[in-house]
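Contents: one structure, followed by commentary.
Letters A, B, ... are given to chains in the order of the sequence lines, protein chains preceding strands, and every chain is numbered from 1.
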2 protein chains.
Amino acid sequence: MGITERRIREKERKRSTMLDAAESILIEKGLDHLSMEYVAEIAEVSKGSLYQYFQNKNDLVLGICYRATQLLNNSFKEVLESNRNGLMLVRELGERYLNYVKDHPQYYSSMKFLDNLHSSGVGGESDYLELCTKNRQEGFRLMVEAIQRGIDDGSIKNDFPAEQLALLFWSTSHGVVTISYMHQNYEHFKLLERIGMQENELFNAYMHILGCGIAADT
Amino acid sequence: MGITERRIREKERKRSTMLDAAESILIEKGLDHLSMEYVAEIAEVSKGSLYQYFQNKNDLVLGICYRATQLLNNSFKEVLESNRNGLMLVRELGERYLNYVKDHPQYYSSMKFLDNLHSSGVGGESDYLELCTKNRQEGFRLMVEAIQRGIDDGSIKNDFPAEQLALLFWSTSHGVVTISYMHQNYEHFKLLERIGMQENELFNAYMHILGCGIAADT
DNA sequence: CCAATAAATGAACGCGAGTCAATAAATGAC
DNA sequence: GTCATTTATTGACTCGCGTTCATTTATTGG
């Protein structure tokens, strides 16, 4: 009975096409101009068809967000395959995060979208929501792992449990990366210019400060 | 000619009433349920009237955001009136920021709204936008001042210029505060619980790490 | 009391998300 | 090949909401 399997594959392929369309709009026009009508037009299907593949607009955007989290996690996993010390891994994770935002601003914007969703108690109306959340947790887990390795190999102080340091690293780097994102994508955001700072300077300063806080005394 | 002045006062009073209505909705129902219709109903005016006082919905929300930035800045200014050393001031600023988000989540959400605006190149269609931006800059300036004082009084290392440290402090604390906000306002955000961490622990850890990075060696 | 000006109103418009009854296509049994 | 049945596709429709505007109402200055 290969027919149902083929059907499922077909369906996945179509879903993927639709996501491609949505993604291209996201890149070219931004989230504000991503309408179901427009996606349907680009994907060359009817609006109604979209709703056979996505439960609603949120679900579609989270479909992109799912790709986004996958890509970021894969990048993180690569880092952890290295056998450098934990502190270096942490630094590398930060760098990857920064480059990710630079290379895929549309993916990052979809992740911001995910963050903003949780407010209105949006729950069971998107299958992708759960997948995205899972991926987020996985990403966090990778950070924990890097830090734990650092604690184990003695490159990172053990003042705090690895999870707590990871949360700190996650939240603060998120803040720094957000600045970087704004700098690159918001025309009127001139803070870096105003204080005469380069993006990489910001990142290096961040890593320096963070390093002072978490690096073990050698 | 006191009549035009009275008129202007009246107009300001009415605008304020409308903002009050919008704010109460924001508190009780959140940004998602803040519609012009609803605001009109609560403020007991017609929908059309709102547009005599606000250029559009964004403008109205930014009106709230203006109040939000005012309040935060006032809190910051209080801190700077103290004559403790700069490092203590910085810590106090962070604490104020955290408490602000705890006490006025609706104001914080309006500031997130401001952040999300800059994307779609929304420019001259809101008078409040400029005011909010001004206030933001003022808030940042206060941070710079605290740090500069710290550098001057020797409590903060002078590895970096005050502006750069301020940007670092601003962005990283923003990240930490965001976690705190999510923890309090997003029902499904369980990260802190999952790693068994309290909010104040997060803050203290943040300040500890930051302190290691910026505090002068004594 | 009467223009003239300003403020307030709500019906009407446009846009976009989501629905659904009708239509078309694919499948499997005979 | 034919036909009943299940599955996929369509676009007209509803509905909510931001925004506009012609009309009505209130206020001012003469």
Side-chain angles (χ1 to χ4, degrees), chain A residues 1-18 21-22 25-26 29-64 113 116-117 120 122-129, chain B residues 1-19 21-22 25-26 29-64 113 116-117 120 122 124-129:
Chain A
M1 193 44 91
I3 280 182
T4 32
E5 283 165 25
R6 178 176 61 79
R7 275 225 159 134
I8 290 173
R9 264 205 322 279
E10 275 285 299
K11 194 149 182 167
E12 266 330 297
R13 203 184 48 75
K14 271 216 153 183
R15 198 200 300 272
S16 189
T17 306
M18 290 168 173
I25 293 172
L26 194 60
K29 312 275 169 116
L31 244 175
D32 303 327
H33 295 90
L34 193 154
S35 71
M36 293 303 263
E37 209 120 13
Y38 197 5
V39 173
E41 188 193 323
I42 301 295
E44 293 176 308
V45 293
S46 74
K47 189 163 48 147
S49 266
L50 288 181
Y51 285 89
Q52 190 122 19
Y53 294 86
F54 302 94
Q55 294 158 281
N56 47 46
K57 191 183 170 182
N58 282 352
D59 194 40
L60 190 152
V61 178
L62 291 180
I64 299 176
F113 180 82
N116 287 328
L117 264 193
S120 37
V122 207
E125 60 213 15
S126 166
D127 293 337
Y128 277 116
L129 181 58
Chain B
M1 194 44 92
I3 280 183
T4 32
E5 281 163 25
R6 179 176 61 79
R7 273 223 157 136
I8 290 173
R9 264 203 323 277
E10 275 285 297
K11 194 148 182 170
E12 266 330 298
R13 204 185 47 74
K14 272 216 150 181
R15 198 200 299 272
S16 189
T17 307
M18 290 167 173
L19 279 176
I25 294 172
L26 194 60
K29 312 275 169 111
L31 242 174
D32 302 327
H33 295 91
L34 192 154
S35 70
M36 293 304 262
E37 207 120 15
Y38 197 5
V39 173
E41 187 193 324
I42 301 295
E44 293 175 309
V45 293
S46 74
K47 195 163 41 148
S49 266
L50 289 180
Y51 285 89
Q52 191 123 22
Y53 295 86
F54 301 95
Q55 295 159 281
N56 47 47
K57 191 184 170 183
N58 282 352
D59 193 40
L60 191 152
V61 178
L62 291 181
I64 299 176
F113 180 81
N116 286 328
L117 265 193
S120 37
V122 206
E125 58 213 18
S126 166
D127 292 338
Y128 278 115
L129 181 57

Worksheet item: Does Ser16(A) have any side-chain contact (heavy atoms from CB on, under 4.5 Å) partners at least two apart in sequence or in another chain, and if so, which?
Response: Asp20(A), Arg67(A)

Please state how far atom [atom1] in [X] lies from atom [atom2] in [N], giving the value in whole angstrom units.
| X | N | atom1 | atom2 | value |
| --- | --- | --- | --- | --- |
| Glu37(A) | dT10(D) | CD | C1' | 13 Å |
| Arg15(B) | dA8(C) | CZ | C1' | 16 Å |
| Phe54(A) | dT19(C) | CZ | P | 16 Å |
| Asn56(A) | dC20(C) | CG | C1' | 17 Å |
| Lys29(A) | dG16(C) | NZ | P | 12 Å |
| Asp32(A) | dA17(C) | CG | C1' | 16 Å |
| Lys57(A) | dG16(C) | NZ | P | 9 Å |
| Tyr38(B) | dG18(D) | OH | C1' | 18 Å |

Item to complete: Select base, sugar-phosphate, or nothing to describe what Leu60(B) touches, counting heavy atoms under 4.0 Å on all strands.
Response: nothing

Fill in: Leu34(A) backbone acceptor or donor facing Lys57(A) side chain under 3.5 Å
yes

Practice prompt. For Lys47(A) and Val39(A), indicate whether the former's side chain and the latter's backbone hold a donor-acceptor pair under 3.5 Å.
Written response: no

Worksheet entry | Within residues 41-53 of chain B: residues closer than 4.0 Å to DNA chain C (heavy atoms) | Val45(B), Ser46(B), Lys47(B), Gly48(B), Ser49(B), Gln52(B), Tyr53(B)

Discussion item. What I'd like to find out is whether the side chain of Asn56(A) reaches to under 4.5 Å of the side chain of Asp59(A), using heavy atoms alone.
Written reply: yes

Worksheet item: Of the candidate nucleotides dG16(C), dT9(D), dA8(D), which contains the atom at the shortest distance from the side chain of Lys14(A)?
Response: dT9(D)

Discussion item. Less than 4.0 angstrom from a charged side-chain N to a carboxylate O is my criterion; do Arg15(B) and Glu12(B) meet it?
Written reply: yes

Item to complete: May I ask you to check whether over 12 heavy atoms, not counting those of Lys29(B), lie within 6.0 Å of atom NZ?
Response: no

